[in-house]
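Protein chains get the first letters and strands the later ones, always in sequence-line order, with residue 1 at the start of each. Computed from a prediction, not measured in an experiment: that's the story for all the values here.
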Amino acid sequence: MDLKKNIPMLKTTEQIQIKPSKGWVSLNLKEIWKFRELLYFLTWRDIKVRYKQTAIGVMWVLLQPLFTMLLFSLIFGRLAKIPSDGIPYPAFIFSGLLPWLLFAKALTDASTSLVSNEQIITKVYFPRVIVPTSAVLAGVMDFLIASCLLLGLLLFYGIVPNWNILALPFFVLMTILCALGVGFWLCALDVVYRDVRYTIPFLTQLWFFGTPIVYPSSLIPDQWKLLFGMNPMAGVIEGFRWSLLGKEDFPFLIILSSSITVIFLFTTGLYYFRRMEKNFSDII
Amino acid sequence: MTTKVIEVSKIAKRYRIGGLEPYKAFRDTLTSFLKNPFTSKKTAKDSKVHWALDDVSFDVNQGDVLGIIGRNGSGKTTLLKVLSRVTSPTRGKALIKGNVAALLEVGTGFHPELTGRENIYLSGAILGMKRKEIKRKFDEIVAFSEVEKFIDTPLKRYSTGMKVRLAFAVPAHLESEILFIDEVLAVGDNNFQKKCLGKMENASKEGKTALFVSHSMPAVLRLCNRVILLNNGKLIKDGPSNEVIRSYLESEMGSTAKRSWNNFNEAPGDDIARIKSIQVLNQEGVNTETLDITKPFSVEVEYWKNNPRSNPSALLSIYNQEGICLFTTSELIHDEWKKQPNESSLVKSTCHIPGNFFAEGQFSITLILGSFNPNLAHACEKDAVAFQIVDKNDGNSVRGEYANEWAGVVRPCLQWNTKYEPLKKQVDCIQ
């Protein structure tokens with residue numbers, strides 16, 4: 001068979017080098033950027049699939065936080081009479097609950113994402129970081145929808161946010177990075193040890209009570225503030241309340257130490273993930 | 001004037017045996033650490049390793065369609081996985097110039113809840129297509145897959161055939177310069193397979209480079225201008241297709257229905273017993289892979305018994321394509337085996353399997369040499385041989401003239417008694 005007749009010149013100058021992976025690898029962010037469309041499609045898939053074959057579909061995004069908020073207002077606000085810094089308890093709790101739900105959902109989905117995408121991981125090459133990232137981003141969609149509910153609630157209680165609200169995207173970003181950082185760690189571990197998926201419910205529950213969602217951080221004595229702020233979600237929640245509820249003093253200390261923790265979690269998580277990813281398809 | 005587009009030098013890939021366990025629990029690592037904290041994990045487990053690829057080197061020129069052949073477990077798929085970067089090699093390196101599309105499975109990334117249209121986009125993106133590219137080729141893909149009518153129906157409502165057609169239609173329209181294809185033509189009906197082969201022939205005429213793993217020698221012969229033969233992870237032969245395929249078919253490697261080891265020291269087993277050969281024979285005593293569903297056949301096992309004091313026996317486990325073990329049979333209870341004298345010997349045992357017993361399909365045999373009291377497995381050769389049961393549909397088999405799907409993992413021809421009693425008048429139906 002003679003096939004050599006009309007061979008076009010090689011178009012791309014793309015070169016792929018295949019070598020054994022040893023030690024620490026570079027992050028190779030350029031490659032992740034090259035695969036951005038895949039990230040888009042995987043996120044889109046997760047969003048599309050989530051409420052297929054449900055009767056009320058996207059309404060669940062609103063109902064879930066709404067019911068949780070009502071339940072918590074009843075138990076913590078009415079029965080336990082936990083103070084809320086003078087803010088109506090439902091508005092107080094919902095402004096904390098919303099970023100928390102984003103975080104908890106993103107973290108849970110990201111942690112199990114590699115194993116649930118085993119099918120494509122063992123068959124196709126792409127930077128694996130895309131898988132947990134798309135799981136987290138799919139959760140952001142729910143968050144955006146539920147945010148409308150929050151705005152409605154604030155207006156209902158006559159709370160009009162001031163200019164502080166412009167800082168809100170920063171705190172959303174912090175939530176995402178935090179979920180990604182912890183998610184990278186956990187999903188890489190989940191590939192090897194399936195124990196991870198069983199610990200996540202406990203982890204999120206514990207974390208929930210260590211975060212000022214149902215109680216105000218003003219209950220925490222000053223000398224513990226810095227340590228308390230090590231919980232990255234504490235800073236996020238404080239930031240949310242500050243930017244939405246029009247509080248006056250910026251909770252600088254907590255947000256600073258939270259930001260540092262987030263950056264730490266994110267970079268270590270990403271490095272750990274990149275280091276482990278070459279073996280995923282063999283172990284998974 | 002040829003350009004090398006793939007250079008593979010001394011690629012090796014090691015797997016740990018026992019890596020097949022579904023997953024590791026953290027507890028296991030912890031306890032194994034607590035038991036012997038001073039041996040590192042590596043030395044404790046390194047004893048059981050398997051080299052799926054063993055220093056494989058070759059070059060591929062632009063425009064080459066390279067076939068990769070070899071029996072099951074010879075490392076073909078592992079080679080493609082390493083080259084497509086799904087898994088990383090243990091040693092060695094490779095250089096690939098140009099963009100690659102790897103097709104290790106049809107329908108990678110398909111989601112049953114999404115519609116055909118959505119799945120085309122998703123699967124295309126996973127295979128590395130750009131959104132614009134998919135959009136441009138969308139109509140072509142749909143036409144190729146012949147599922148126009150159902151394009152907005154969720155995939156879970158598709159028939160298997162439709163799924164396969166859609167799954168192949170997407171990668172068939174990839175525009176990459178280098179293609180890796182693993183046995184994907186084994187699916188779909190005949191017509192569709194022809195269409196796919198045609199598509200691939202076009203690709204090769206356009207000067208695309210392709211690596212093609214297949215068990216179908218006619219397909220390899222038709223598509224590839226060069227073939228490499230792998231055996232136990234090693235590259236055995238590299239050359240023009242017809243030459244390599246001929247030597248593969250002439251050697252035992254080409255037949256899945258026979259395996260043998262001439263040298264005691266290399267044969268699977270231990271000091272007490274080792275396998276010499278195993279083969280599937282048809283009614284006439286000829287070694288063959290393809291057997292008629294109505295005809296009896298036999299499996300012949302030869303093994304060395306090297307210790308007069310123990311009595312190893314052969315056990316056969318037959319598995320179907322779904323991995324279900326249909327049965328295990330042993331020579332243990334039969335008089336001829338019991339009457340053997342206690343001395344070192346070469347034992348030849350034949351197991352007779354009746355006709356009208358298996359269903360149609362592919363089957364594989366795992367051969368175990370074992371002895372009891374104490375219970376020991378001297379050799380265990382997984383998927384030692386494989387064979388295929390076919391129904392000629394001539395009306396003599398259990399299915400009679402019925403040509404469609406016939407359920408069941410076995411297909412015995414059982415005795416039926418039919419009695420009848422005439423009715424006085426036809427019964428009125430109540431509508």
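- Interface remark: B:Val8 contributes no atoms to any contact with chain A (heavy atom separation under 4.5 Å).
- Interface with chain B: from residues 114-127 of chain A, residues A:Gln119, A:Ile120, A:Ile121, A:Thr122, A:Lys123, A:Val124, A:Tyr125 qualify, criterion being any non-hydrogen pair under 4.5 Å.
- Residue pairs that meet the side-chain hydrogen bond (donor to acceptor under 3.5 Å, both in side chains) test with at least one member in residues 177-187 of chain A, sequence neighbours left out, are A:Trp185-A:Thr268.
- With a 4.5 angstrom heavy-atom cutoff, B:Lys156 touches chain A only via side-chain atoms.
- Rounding to the nearest 0.5 angstrom, the gap separating the CG atom in B:Leu95 from the CD1 atom in A:Ile16 is 9.0 Å.
- Chain A forms more heavy-atom pairs under 4.5 Å with one residue of B:His111, B:Met129, B:Glu118 than with any other, namely B:Glu118.
- The shortest distance between side-chain heavy atoms of A:Ile18 and B:Ser88 does not fall below 4.5 Å.
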Do B:Lys13 and A:Asp282 pass the salt bridge (charged side-chain N to carboxylate O under 4.0 Å, His left out) test, and can you show the C-alpha distance, the side-chain angles, and the key distance before you say yes or no? CA-CA 11 Å; B:Lys13 174 77 187 173; A:Asp282 292 339; 2.6 Å; yes
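- Note on residues 199-208 of chain A: pairs passing side-chain hydrogen bond (donor to acceptor under 3.5 Å, both in side chains), not counting sequence neighbours, are A:Trp207-A:Asn231.
- Checked for salt-bridge contact, A:Glu277 and B:Arg85 miss the test: no charged N lies under 4.0 Å from a carboxylate O.
- For residues 40-48 of chain A, a heavy-atom distance under 4.5 Å to chain B picks out A:Tyr40, A:Phe41, A:Leu42, A:Trp44, A:Arg45, A:Lys48, given by residue number.
- If you tally non-hydrogen atom pairs under 4.5 Å between each of B:Val82, B:Thr209, B:Thr87 and chain A, the highest count goes to B:Thr87.
- The candidate from B:Leu122, B:Ile96, B:Ile6, B:Leu80 with the greatest count of non-hydrogen atom pairs under 4.5 Å with chain A is B:Ile96.
- At least one donor-acceptor pair closer than 3.5 Å links the side chain of A:Glu37 to the backbone N or O of B:Arg131.
- Heavy atoms closer than 4.5 Å to chain A are found in the backbone of B:Ser84, but not in its side chain.
- Environment of NZ in B:Lys93: sparse, with no more than 12 heavy atoms of neighbouring residues, nucleotides or ligands closer than 6.0 Å.
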